[in-house]
Amino acid sequence: MKIVIADRMEPEVVAEIQKLGETVAAPSDLRASVKDADVLIVRSATKVNGELLSFAPKLRIVARAGVGLDNVDKAACDKRGIKVLNTPSASSNAVAELAVGMMFAASRKLAMADAGMKAKKWLKKEFTGTEIEGKTLGIVGLGRVGSLLAIKARALGMRIIYFDPHNLTSTIGKSVNLDELLASSDFVSLHLPLIPETQGMINAEAIARMKRTGVLINTARGGLVDEEALYLALKEGKIAGAALDVYPQEPYSGKLCELDNIVLTPHIAGSTREAQA
């Protein structure tokens, strides 16, 4: 079979795939390469839509090396009888670890302290933080990543509550409704897919339910959070802070970059050597 790897992958991964058949990696002309391909492997950059599929009459499998299928038109694939695969567990630990790191970064103001030092400023008194031991972590979505985060956070001495209508009996933490979670949590971490029901669910009304000392963390999908509502809440001190790795539009350079009480990273949650491989 012929396999086309549309996006960059680790060399050792490409070497394994090459054992399965004729392999074309990172082609300069993707449309020409898929015309006789049986398998198309993508990451997040390539959009697998009806137009691309029209150039691939022999295609049997589309495989996404990643968790979601945001960039794959599954309906168009189903219509053609093309099997769609992904790797849902590959980056779960990496994302959970970044969420833990973001809690520390936000609560101890690490980014601002680092920037101060590099500007040769000794701002010791300005950066009094808070400890996370004994605090309540509210996890919205107790799937693979949410469950791993709960285990790690519990080991750090945190109290775990969660909201997930599809998982009401987990022993990892206490199941609560979303309103209670927002009102009770010192940290709120989002781990949901972006679907019509979750689009913009963390809006002005939801943020208003959070503690003024609360911190919002999003390593899932940018569209879960109303950017304008979060900006105003942070600017007006309605919540203490936030940490984001994902944005509605990427690359991101919007108004949240103006604020000091938010940690921003460029969608790197799954960017570890282990997860990539």
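Computed from a predicted model, the values in this text were never measured in an experiment.
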Next item on the list: Please name the pair of heavy atoms, one in Val215 and one in Ala106, separated by the smallest distance, quoted to 0.1 Å.
Entry: CG1-CB, 3.8 Å

Notebook entry, point to check: Do Leu230 and Met201 sit in the same hydrophobic cluster, where Ile, Leu, Val, Met, Phe, Trp and Tyr count as joined when their side-chain heavy atoms come under 4.5 Å apart?
Noted result: yes

Notebook entry, point to check: Are any side-chain N or O atoms of Asp164 and backbone N or O atoms of Leu142, one a donor and one an acceptor, separated by less than 3.5 Å?
Noted result: yes

Next item on the list: Verify whether one side chain among Asn71 and Ser44 offers a donor that lies under 3.5 Å from an acceptor in the other.
Entry: no

Check: What closest approach, in Å, do Val84 and Cys77 show between heavy atoms, and which atom pair accounts for it?
Finding: CG2-CB, 3.5 Å

Check: Should Lys2 and Val39 count as side-chain neighbours, where that means a heavy-atom distance under 4.5 Å?
Finding: no

Check: Hey, is Arg31 close enough to Glu51 for a salt bridge, meaning N to O under 4.0 Å?
Finding: yes

Notebook entry, point to check: Any side-chain heavy atom of Met1 sitting closer than 4.5 Å to one from Arg60?
Noted result: yes

Margin query: Has Asp245 got a side-chain atom pairing as donor or acceptor with His267's backbone, closer than 3.5 angstrom?
Written below: yes

Item checked: Residues, nucleotides or ligands: over 12 heavy atoms within 6.0 Å of Arg80 CZ -> yes

Item checked: Heavy-atom check, side chain of Arg221 versus side chain of His191, under 4.5 Å -> no

Notebook entry, point to check: Are Ile239 and Arg212 side-chain neighbours, meaning at least one heavy-atom pair lies under 4.5 Å?
Noted result: no

Checklist line | Electrostatic pair Arg209-Glu205, nearest N-O below 4.0 angstrom | finding: yes

Item checked: Closest non-hydrogen atom pair between Val4 and Ala37, with its separation -> CG2-CB, 3.7 Å

Next item on the list: Keeping the roles fixed (side chain from Arg154, backbone from Ile172), state whether a donor-acceptor pair exists under 3.5 Å.
Entry: yes

Check: Out of curiosity, Asn93 CG to Leu148 CG, how far, rounded to the nearest 0.5 Å?
Finding: 6.0 Å

Check: Quick check: does any side chain N or O of Thr272 sit under 3.5 Å from a backbone N or O of Ala275, one acting as donor and the other as acceptor?
Finding: yes

Checklist line | Derivation of the side-chain contact (heavy atoms from CB on, under 4.5 Å) call for Asp38 and Leu59 | finding: CA-CA 4 Å; Asp38 300 288; Leu59 202 60; 5.9 Å; no

Notebook entry, point to check: Does the Glu97 side chain pair with the main chain of Ala94, one donor and one acceptor, at a distance under 3.5 Å?
Noted result: no

Check: What do you reckon, is CD of Glu250 surrounded by more than 12 foreign heavy atoms closer than 6.0 Å?
Finding: yes

Margin query: Using a 3.5 Å distance criterion without hydrogens, assess whether the side chain of Ser185 forms a donor-acceptor pair with backbone atoms of Leu182.
Written below: no

Next item on the list: For residues Leu30 and Ala6, report the shortest heavy-atom separation together with the two atoms involved.
Entry: CD1-CB, 4.0 Å

Item checked: Transitive ILVMFWY side-chain link Leu123 to Val263, under 4.5 Å -> no

Check: Leu190 pairs by side-chain contact (heavy atoms from CB on, under 4.5 Å) with which of Ile202, Ile217, Thr219?
Finding: Ile202

Check: Cluster question for you: counting only ILVMFWY and a side-chain heavy-atom cut-off of under 4.5 Å, with indirect links fine, are Leu232 and Leu234 together?
Finding: yes

Margin query: If we ignore hydrogens and angles and just use 3.5 Å, is the side chain of Thr198 paired with the main-chain N or O of Pro193 as donor and acceptor?
Written below: yes

Next item on the list: Looking only at non-hydrogen atoms, find the nearest pair between Ser184 and Ile161 and report the distance.
Entry: CB-CD1, 4.0 Å

Note to self: Is there a side-chain contact (heavy atoms from CB on, under 4.5 Å) between Glu227 and Tyr247? Walk through the geometry before answering.
What the structure shows: CA-CA 8 Å; Glu227 179 186 345; Tyr247 312 89; over 6 Å; no

Next item on the list: Kindly say whether Gly21 contributes a backbone atom to a donor-acceptor pair with the side chain of Thr23 at under 3.5 angstrom?
Entry: yes

Margin query: So for atom NZ, which belongs to Lys47, do other residues, nucleotides or ligands contribute more than 12 heavy atoms lying within a distance under 6.0 Å?
Written below: yes

Next item on the list: First locate atom CD1 of Ile132, then atom OG1 of Thr136, and finally report the distance between them rounded to the nearest 0.5 Å.
Entry: 12.0 Å

Item checked: Same cluster (ILVMFWY, side-chain, under 4.5 Å), Leu69 and Ile82 -> yes

Margin query: I need the Asp36 CG to Glu22 CD distance, nearest 0.5 Å.
Written below: 7.0 Å

Notebook entry, point to check: Should Val14 and Ile17 be marked as a side-chain contact (heavy atoms from CB on, under 4.5 Å) after you check the CA-CA gap, both sets of side-chain angles, and the distance that decides it?
Noted result: CA-CA 5 Å; Val14 175; Ile17 293 170; 5.7 Å; no

Item checked: Pro165 and Phe163, any side-chain heavy atoms less than 4.5 Å apart -> yes

Check: So do the side chains of Ser189 and Leu149 get within less than 4.5 Å of each other, counting heavy atoms only?
Finding: yes

Check: With side chains defined as the heavy atoms from C-beta onward, is the minimum distance between Tyr252 and Pro266 less than 4.5 Å?
Finding: no

Next item on the list: With Lys255 as the cation and Tyr231 as the aromatic partner, state whether NZ or CZ is under 6.0 Å from the six-membered ring centre and within 45° of the axis.
Entry: yes

Check: Under a single-linkage definition using a 4.5 Å side-chain heavy-atom cutoff for Ile, Leu, Val, Met, Phe, Trp and Tyr, are Leu216 and Leu224 assigned to the same hydrophobic cluster?
Finding: yes

Check: Between the side chain of Asp73 and the main-chain N/O of Val48, is any donor-acceptor distance below 3.5 Å?
Finding: no

Note to self: Using side-chain contact (heavy atoms from CB on, under 4.5 Å), reason through Leu85 and Arg64 one step at a time and then give a plain yes or no.
What the structure shows: CA-CA 6 Å; Leu85 307 170; Arg64 162 117 201 277; over 6 Å; no

Checklist line | Nearest heavy-atom neighbours spanning Ala76 and Leu53 | finding: CB-CD1, 3.8 Å

Next item on the list: Decide yes or no for Asn203 and Ile207: does some side-chain heavy atom of the first lie under 4.5 Å from some side-chain heavy atom of the second?
Entry: no

Next item on the list: Return yes when atom CD of Glu12 has more than 12 non-hydrogen atoms of other residues, nucleotides or ligands closer than 6.0 Å, and no otherwise.
Entry: yes

Check: When you measure from the side chain of Ser33 to the backbone N and O of Asp29, does any donor-acceptor pair fall under 3.5 Å?
Finding: yes

